Student: 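The following block contains the structure, expressed as structure tokens.
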2 protein chains.
Amino acid sequence: MVKISDVALAANVSAATVSRALNNSARVDPVLAARVHAAAQQLGYRPNAVARNLRRQGTQVWALIITDINNPFYTAVARGVEDVAQELGFSVLLCNTDEDQTKQDRYLEVAAQERVAGVILAPRADDSDVSSVQSGNIPLVIVDRRLAQPVDFVTAASFEGAVMATEHLLRQGWQRPACITRPADTATTEQRRLGYEDVVRRHGLPSIVRHVPFHTDSGVDVINKLFGSADPPDSLLTVDAMLALGVMTSLKRQGLKIGRDVGMISFDDADWATVVEPPLSVIAQPAYEIGAEAARLLARRIKKEGPEDPQTMIMSTTLIVRGSCQRPKARKTR
Amino acid sequence: MVKISDVALAANVSAATVSRALNNSARVDPVLAARVHAAAQQLGYRPNAVARNLRRQGTQVWALIITDINNPFYTAVARGVEDVAQELGFSVLLCNTDEDQTKQDRYLEVAAQERVAGVILAPRADDSDVSSVQSGNIPLVIVDRRLAQPVDFVTAASFEGAVMATEHLLRQGWQRPACITRPADTATTEQRRLGYEDVVRRHGLPSIVRHVPFHTDSGVDVINKLFGSADPPDSLLTVDAMLALGVMTSLKRQGLKIGRDVGMISFDDADWATVVEPPLSVIAQPAYEIGAEAARLLARRIKKEGPEDPQTMIMSTTLIVRGSCQRPKARKTR
DNA sequence: TTGTAGGCGTTATCAC
DNA sequence: GTGATAACGCCTACAA
């Protein structure tokens, strides 16, 4: 592979001049610069970023570590991060942990060893270990799920969103809403559960909560049981789009029609939410903006701008009413 | 940041011994090795991968470049790649080009400069320029969309899949199938169009084809026009899941019921395909396996195993019949 | 078995 | 304005 000294030889200048010309830094004689560029072009010279990073003691690369590449929320976050990063001259490397702590740890370790310029992480759990990047003084921004320790953090208003959702179900006349959520060590979905519980408690209603692990049937079993029980709920709040999918599958199998037999609302406005029947009501998160804001915050940290103490940004959520949470007027109470 | 010489100092050995102990290569006195490990641990030593890569003249990183992170086909490919890579000790960096040639070129350039061990690329177009990685002698495997030039390639049997799909529509009694596809410089979807055309031609039916650019309304406009015309099709083949989404949205708006007024079948078994109403019939691609095979092929290239000339693997597709392509028996011909 | 020394490719510093 | 030189952190002959 052609290196800088080859170009130098061909252009009949020193390696230093080649470097200066190619990085159009400092003043270089235009004639020499032209010769250098021509030689580089002809030899197909491609700077070795590994060597450059070593010498410069830094990279132009960010790691974005997310837990589920299939989740439309995270892919939208990724877009937001990427667009801002591009503008600022960084490349984004996307790492998918599949909700697996081991994979997450490994990616964090790789990021630290590769000396990336910064890391944006959607952690698996609120006690995730991020010491590998922190001890390397690599700027770190957490998105979506809050860590127990204080650190830069961008997320959506989960509690308030769940309150909106649950209150909307009740306003529609549903009387036994249940909350289908994720394991209790997932900070964000816990906020959603709490929001739900806050509302049902205030209304004197029972709290019906089910926790569904990641990587299972996405709640099919849980819903089967729940609606096979003596006193089933009459409506559902699901805390993410994958759960909504599982729940809809299960209800369909049981012959329960959403928007008639059961009310339903979910977090995350997936692209399929409008084509299911009836269209799914959702609490939309500003996912793209969460990514973009996280990226801007990270960029500031890298440039050592702004206040030093950990920042927290909480972006507001939006209720989008579609057909799935409607309740027929003439329906008698269960 | 603590480096190898710091550990050497603390463990009272030479840097070389630290290196050997930490890479548990060669023979190292167990006592010294223990001292080294202890010192490394205590100082929080983290090997500098940049320096290591430079010295070793190679990395343990693959770049996987896909065109659309929202497309469930590509995310499944990514999973396949990742699982195999992990097994072999490589990290996978996922890059999303958003169907943008410029972004693709930039990622290829970055991959080449960062001297990644290998690249797996789902190219935007069949004339995509991959010279940046090729001139760097970086092993390259193409997935999904064939390039004009000969190069390692893994894909699904698109032509045959489209034939299956179209023939199934006709077997169901539909008489004017149309094909909603992508721009003509996308090799894979062209194969699907050709498969469709092959069948309708053999049956003496008109070929009704519409090309929908990436990044638009995903076909809503096209469908609106098509069904507003004098002689609309009675059924549809869409060549990817995003198009299916757009088409379903449009049909819904026009009050056309799939599986009654219109027959529909699509490529790609998205996770929402079973929850829409009626459930969507699909031609499923073995996306995970495509990724896994591409990864295995790449690994062989890196190890310089196997035959030298470009390999092509074409994996078979599966017809999954659900409700969307049914045609009511008692329906009179248009 | 351990240490010394050189070099991976680049760029920043320093004379010229 | 240009060229020689050193150094980024690590690994690996080679010598001891």
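Small disclaimer: the values here were computed from a predicted structure and weren't measured.
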Student: Under the salt bridge (Lys or Arg N to Asp or Glu O under 4.0 Å) test, which residues partner B:Glu308, sequence neighbours left out?
Tutor: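 B:Glu308 satisfies salt bridge (Lys or Arg N to Asp or Glu O under 4.0 Å) with no residue once adjacent residues are dropped.
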
Student: Can you give one letter per nucleotide of nucleotides 7-14 of chain D, going 5' to 3': B for a protein heavy atom under 4.0 Å from the base, S for sugar-phosphate only, - for none?
Tutor: BBBBBBB-

Student: Which residue pairs pass the side-chain hydrogen bond (donor to acceptor under 3.5 Å, both in side chains) test with at least one member in residues 88-98 of chain A, sequence neighbours excluded?
Tutor: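 Qualifying pairs, neighbours excluded: A:Asp98-B:Arg79.
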
Student: Once you build an axis from the first five pairs and another from the last five of the helix from C:dT1-D:dA16 to C:dC16-D:dG1, how far apart in angle are they, to 10 degrees?
Tutor: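 Inter-axis angle at the termini of the helix from C:dT1-D:dA16 to C:dC16-D:dG1: 40°.
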
Student: Got a sec, which pairs hit side-chain hydrogen bond (donor to acceptor under 3.5 Å, both in side chains) with one end in residues 136-150 of chain A, sequence neighbours left out?
Tutor: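 Found A:Tyr74-A:Asp144, A:Tyr74-A:Arg145, A:Glu99-A:Arg145, A:Gln134-A:Gln149.
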
Student: Could I get the full list of salt bridge (Lys or Arg N to Asp or Glu O under 4.0 Å) partners for A:Asp83, not counting sequence neighbours?
Tutor: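 Partners of A:Asp83 by the salt bridge (Lys or Arg N to Asp or Glu O under 4.0 Å) criterion, ordered by chain and then number, come out as B:Lys103.
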
Student: With sequence neighbours left out, what residues match B:Glu87 under salt bridge (Lys or Arg N to Asp or Glu O under 4.0 Å)?
Tutor: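 Once residues adjacent in sequence are excluded, B:Glu87 has no partner under the salt bridge (Lys or Arg N to Asp or Glu O under 4.0 Å) criterion.
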
Student: 5' to 3' on DNA chain C, which nucleotides open and close the contacts with chain A (atom under 4.0 Å from a heavy atom)?
Tutor: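 Answer, 5' to 3': C:dG9 to C:dT13.
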
Student: What's A:Val13 touching, base or sugar-phosphate or nothing? Going by heavy atoms closer than 4.0 Å.
Tutor: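 Answer is sugar-phosphate: A:Val13 comes under 4.0 Å of backbone atoms only.
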
Student: Could you pull out all residues at least two apart from B:Ser14 that satisfy side-chain hydrogen bond (donor to acceptor under 3.5 Å, both in side chains)?
Tutor: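 Once residues adjacent in sequence are excluded, the partners of B:Ser14 under the side-chain hydrogen bond (donor to acceptor under 3.5 Å, both in side chains) criterion are B:Thr17.
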
Student: Applying salt bridge (Lys or Arg N to Asp or Glu O under 4.0 Å), name anything that partners B:Glu109, two or more places apart in sequence or on another chain.
Tutor: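 Per chain and number, B:Glu109 pairs via salt bridge (Lys or Arg N to Asp or Glu O under 4.0 Å) with A:Arg46.
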
Student: Name all pairs fulfilling the ring pair (Phe, Tyr, Trp, His ring centres under 6.0 Å) condition that reach into residues 77-126 of chain A, sequence neighbours left out, sorted by first residue then second.
Tutor: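 For residues 77-126 of chain A, and leaving out neighbouring residues, the ring pair (Phe, Tyr, Trp, His ring centres under 6.0 Å) pairs sorted by first residue read A:Trp62-A:Phe90.
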
Student: Could you list the residues that satisfy ring pair (Phe, Tyr, Trp, His ring centres under 6.0 Å) with B:Tyr45, not counting sequence neighbours?
Tutor: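 If we apply the ring pair (Phe, Tyr, Trp, His ring centres under 6.0 Å) test to B:Tyr45, skipping adjacent residues, there are no hits.
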
Student: Run the salt-bridge test on B:Glu305 and B:Arg296 with the 4.0 Å N-O cut-off and return the result as yes or no.
Tutor: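 So B:Glu305 does not pair with B:Arg296 through a salt bridge.
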
Student: Any base atoms under 4.0 Å from A:Val50, or only sugar-phosphate, or nothing? Heavy atoms, all strands.
Tutor: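 If one applies the 4.0 Å heavy-atom cut-off, A:Val50 turns out to touch nothing in the nucleic acid.
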
